[in-house]
Amino acid sequence: MMSSNRLINALHKNLLVYRRVQRARSTTQLGGLGKGGQVLSETNLQLGCLVQSQRRGFASDKKCNEKSVIKGVVMGVYAKEGDKEPKLTSSGEKFDDRAQGKISELVRETGMNGELGKGRVFTNVDAEFSMVAVVGLGQEGAGFNDMEMIDEGMENARVAAGVGARALQLQGVTDVFVDSMEYPEQAAEGSALAIWRYNSNRRKQDRTHIPKLELYDSPDVDAWTRGLFKAESQNLARRMSDAPANQMTPTIFAQSTVDALCPCGVSVEIRSMDWIEENRLNSFLMVAKGSCEPPVVLEVNYCGSSPEDKPILLLGKGLTYNSGGLCLRPKDCLHMYRGCMAGAAVCVATIRAAAALSLPLNISAMLPLCENMPSGMAVKPGDVVTLLNGKTLGIVDVSKAGTVVMADPLLYAQTTFKPRMVIDVATIGYGVCCALGGAAAGIFSNSNYVYKQFEKAGGLTGDRLWRLPLWNYYKQLIKPNFNYDISNRGKGPASSCIAAAILHELVPCVDWAHLDIRNVGMLTRHNPLPYLLRDRMTGRPTRTLIQFLYQMACPDNK
C-alpha cells in the first residue's frame, strides 16, 4: 500500500512538473527568480523576433483555459535622457505606486533603457494582472518630424502599444489593458492592429486567440473608441485582402460588403452582368469575360450631410484574382495576386469607418469586381476597346489589367455621381515597389491642395504617402500607336507613372488623386510596421484615407 501511495504521489508530482514545463514553453524565461519570488520572463519585443514568434499557438492549453480570464496590462516607459533613468508614463507611475515600486525596480534591474519597441514581460507583480508588459516609448515629448514626415509621438504610441499587446497575446492573456501613453487613439490603433489575425482557415484549436482590449487608467474613452473603429476598419480590409481567391470571389466580396456596410446605414447596390452590358462598361467586361466567375459592380453611398452636397467619389480596383490572363504571371508569385482587390477592400473599410464615426460628408464608391483569367473567352494582347468617352484603349499587356478594369467604371461614376473630388485606390504598377518599398504608398494628383491634405493625413496616421510625378512626359508614353488612342502599357519601365497617366486621361476636370498601393496594400516582406505582420496583407492605407476624409469634413480641426 505504501509503495502504491508513493507511486501515486510521484505521478502527481510529475504531472505538475509537466504542466509547468508546458506553460514555460509559451514564454522565454530570463534569469530565474527575481526579488520577492517574481518570475522574470522576457519577450523580445522588437518587430522581427515578434513576427517570427507570432506563429506559436496555445492549442494545448486552450481547452483548460477557455473559461478562465487572464488579465495583462501594457505600460510605456520613456527612454532615459543623459543621466536620468527611464521614466514610466503617468499611468505607469500610478501602477508602479500600486505595485509598491516593483515596476520601476524591475526596469532598473533588467537594464531597460526605454528604446522604442523593446521591453519585457513581468509576472507575479500584481494580484489583478497576471502579466505586465513594459515597452519602450522612445524619447519623451516627441512630436512631428519634418524630415520623416511623421508625428513620432503618435507613431511611438502605436508601436509600443502594439508590441506590448502582441507580447501578452502570445503569452495567453485573454484581457489586455493598454496604457494610453498620452495618445489613447493611437494606442488603440496599434494594439488592435497588432493582435488581429486572419486565421479562419485554421482548425479552431489551432487558432491564435485574439484577446479583448481595454483602456487602462484614462478618461479619454472617446479617443480610444475612435482608434478602435479605425483599426477594426483596417482589419476588415486585411481580412478581405488575405482571403483565398476561392473564398473572396466577386459575388462573395459583394456579400461581405453588404454585411459590413448595410448595418451602418450605408446603401449598397449590386449590379450584375445585364446592368454592366446595358451601361456599356466594355473595358471592364473585356477582362471579366475570361473567368467563369460572374462580374459584379458595387455602387456604395454614404450620406452624412445634405443629399444635395456633391460627394467624394472613391473608386477601388477589385480584381479578386489577377493571374495575368493570357500574359500569365510567374508561378512562384501567383498566390499573392489574390490581393489585387486591396483597393476595393480599402474603400469598403474606409466607408465603414466614416459611417461609424458619423463623418459629416457624402461619400460614393464604385467598385468593379471580377477575375482576370486565361480562357478561350479571355481578352487577347492587341485587342482594342472603345471607352465611354469615345477614346480607344489598346490592351497590349493583359497582365496590366488594372487600368482596363477601372477605365469605364471611372468614366461612368463621374457622369452619374457628379463628385466634387475623385480618389481611386489600386494595386497597379510594380514601379512603386522599387521606388518606395513598404515605406509609403505612391500618390499622383492634379491638385496640390489634395496632395497636401493626404501628406498631412499620412503624417498623423503613420501610414505615409509620397507624391510621384504626373507629367506630360508620361502621357506621351501611353500614345505610341496609330491604331488606338491610349495604350494600357505604354513605353518604358515607369509602370506606376504610366498607369497614373492613363487614369489621368479619364479625369478631365475635377480634383483627383490616384493612390498606387501595390507596395503597401499587398504582402509585406521587408520591414513591416511593428503592429502589422510579415507576409500578410496589410489593409494599408485605410487609416490615412479615413483621416483625409475627416480633414475634408472638418477642415478646422486637426
Side-chain angles (χ1 to χ4, degrees), residues 250 253 271 276 279-291 295-300 312-322 324-325 337 339-348 364-372 379 383 385-389 391-417 419 421-429 432 441-446 470 474 478 485-490 495-508 510 512-518 521 545:
F253 188 104
R271 307 299 191 184
I276 297 169
N279 287 275
R280 297 183 294 112
L281 303 185
N282 293 324
S283 73
F284 172 60
L285 281 177
M286 289 283 283
V287 176
K289 67 183 182 180
S291 172
V296 173
V297 173
L298 297 183
E299 290 185 20
V300 182
I312 293 176
L313 174 64
L314 302 180
L315 180 77
K317 173 188 165 189
L319 278 176
T320 57
Y321 186 73
N322 185 10
Y337 289 104
C340 281
M341 35 62 68
V346 166
C347 291
V348 172
S364 296
M366 188 84 170
L367 308 177
L369 304 167
C370 70
E371 293 181 343
N372 182 21
V379 60
D383 285 357
V385 60
T386 302
L387 304 179
L388 285 175
N389 63 356
K391 292 185 178 181
T392 54
L393 175 65
I395 305 171
V396 179
D397 187 346
V398 182
S399 69
K400 300 182 184 300
T403 51
V404 182
V405 165
M406 296 169 66
D408 273 335
L410 180 56
L411 293 168
Y412 171 84
Q414 292 176 79
T415 304
T416 303
F417 297 114
M421 182 186 302
V422 177
I423 301 166
D424 71 77
V425 189
T427 55
I428 290 281
V432 76
I443 179 172
F444 302 81
S445 182
N446 60 1
L470 193 67
Y474 300 107
I478 64 174
D485 297 319
I486 306 171
S487 166
N488 84 312
R489 184 177 69 181
S495 57
S496 294
C497 296
I498 288 171
I502 295 170
L503 295 172
H504 191 205
E505 285 284 308
L506 310 177
V507 188
V510 68
W512 165 74
H514 162 58
L515 308 186
D516 193 339
I517 63 171
R518 169 76 173 269
L545 197 50

[X] side, atom [atom1]; [Y] side, atom [atom2] - distance, nearest 0.5 Å:
| X | Y | atom1 | atom2 | answer |
| --- | --- | --- | --- | --- |
| Y474 | S495 | OH | OG | 10.5 Å |
| T415 | L410 | OG1 | CG | 9.5 Å |
| W512 | L506 | CH2 | CG | 9.0 Å |
| S487 | L393 | OG | CG | 7.5 Å |
| L298 | L369 | CG | CG | 5.0 Å |
| I498 | I486 | CD1 | CD1 | 13.0 Å |

Ignoring hydrogens and angles, tell me if any N or O in the side chain of [X] forms a donor-acceptor pair with the backbone of [Y] under 3.5 Å.
| X | Y | answer |
| --- | --- | --- |
| N322 | Y337 | no |
| N372 | V398 | yes |
| D397 | N488 | no |
| Q414 | L313 | no |
| D516 | G429 | yes |
| S496 | V432 | yes |

Quick one: list whatever passes side-chain hydrogen bond (donor to acceptor under 3.5 Å, both in side chains) with [X], sequence neighbours left out.
| X | result |
| --- | --- |
| E505 | K391 |
| S445 | none |
| T392 | D485 |

Would you list the atom pairs, donor with acceptor, under 3.5 Å between side chains in residues 279-286 and any protein atom, with sequence neighbours excluded?
unit_1	atom_1	unit_2	atom_2	d
N279	ND2	W275	O	2.9
S283	OG	V404	O	2.7
S283	OG	D408	N	3.1

Student check: side-chain heavy atoms of [X] and [Y] closer than 4.5 Å:
| X | Y | answer |
| --- | --- | --- |
| E299 | S364 | no |
| I428 | M406 | yes |
| V348 | V300 | no |
| V297 | M366 | yes |

Looking at every non-hydrogen atom in both residues, tell me the closest pair between [X] and [Y] and how far apart they are.
| X | Y | value |
| --- | --- | --- |
| C370 | P295 | CB-CB, 4.1 Å |
| L314 | C347 | CB-SG, 4.0 Å |
| G316 | P368 | O-CD, 3.3 Å |
| A441 | I517 | CB-CG2, 4.1 Å |
| A513 | I443 | CB-CD1, 4.4 Å |

Checklist outcome for this item: Those residues at least two apart in sequence (or on a different chain) that pass ring-ring contact (aromatic ring centres under 6.0 Å, His included) with Y321 are none
Checklist entry - With sequence neighbours excluded, what pairs up with T320 under the side chain to side chain contact (heavy atoms under 4.5 Å, CB included) test? => result P250, M341, E371
Item to check | Trace of the side chain to side chain contact (heavy atoms under 4.5 Å, CB included) decision for T427 with K317 | outcome: CA-CA 7 Å; T427 55; K317 173 188 165 189; 3.4 Å; yes
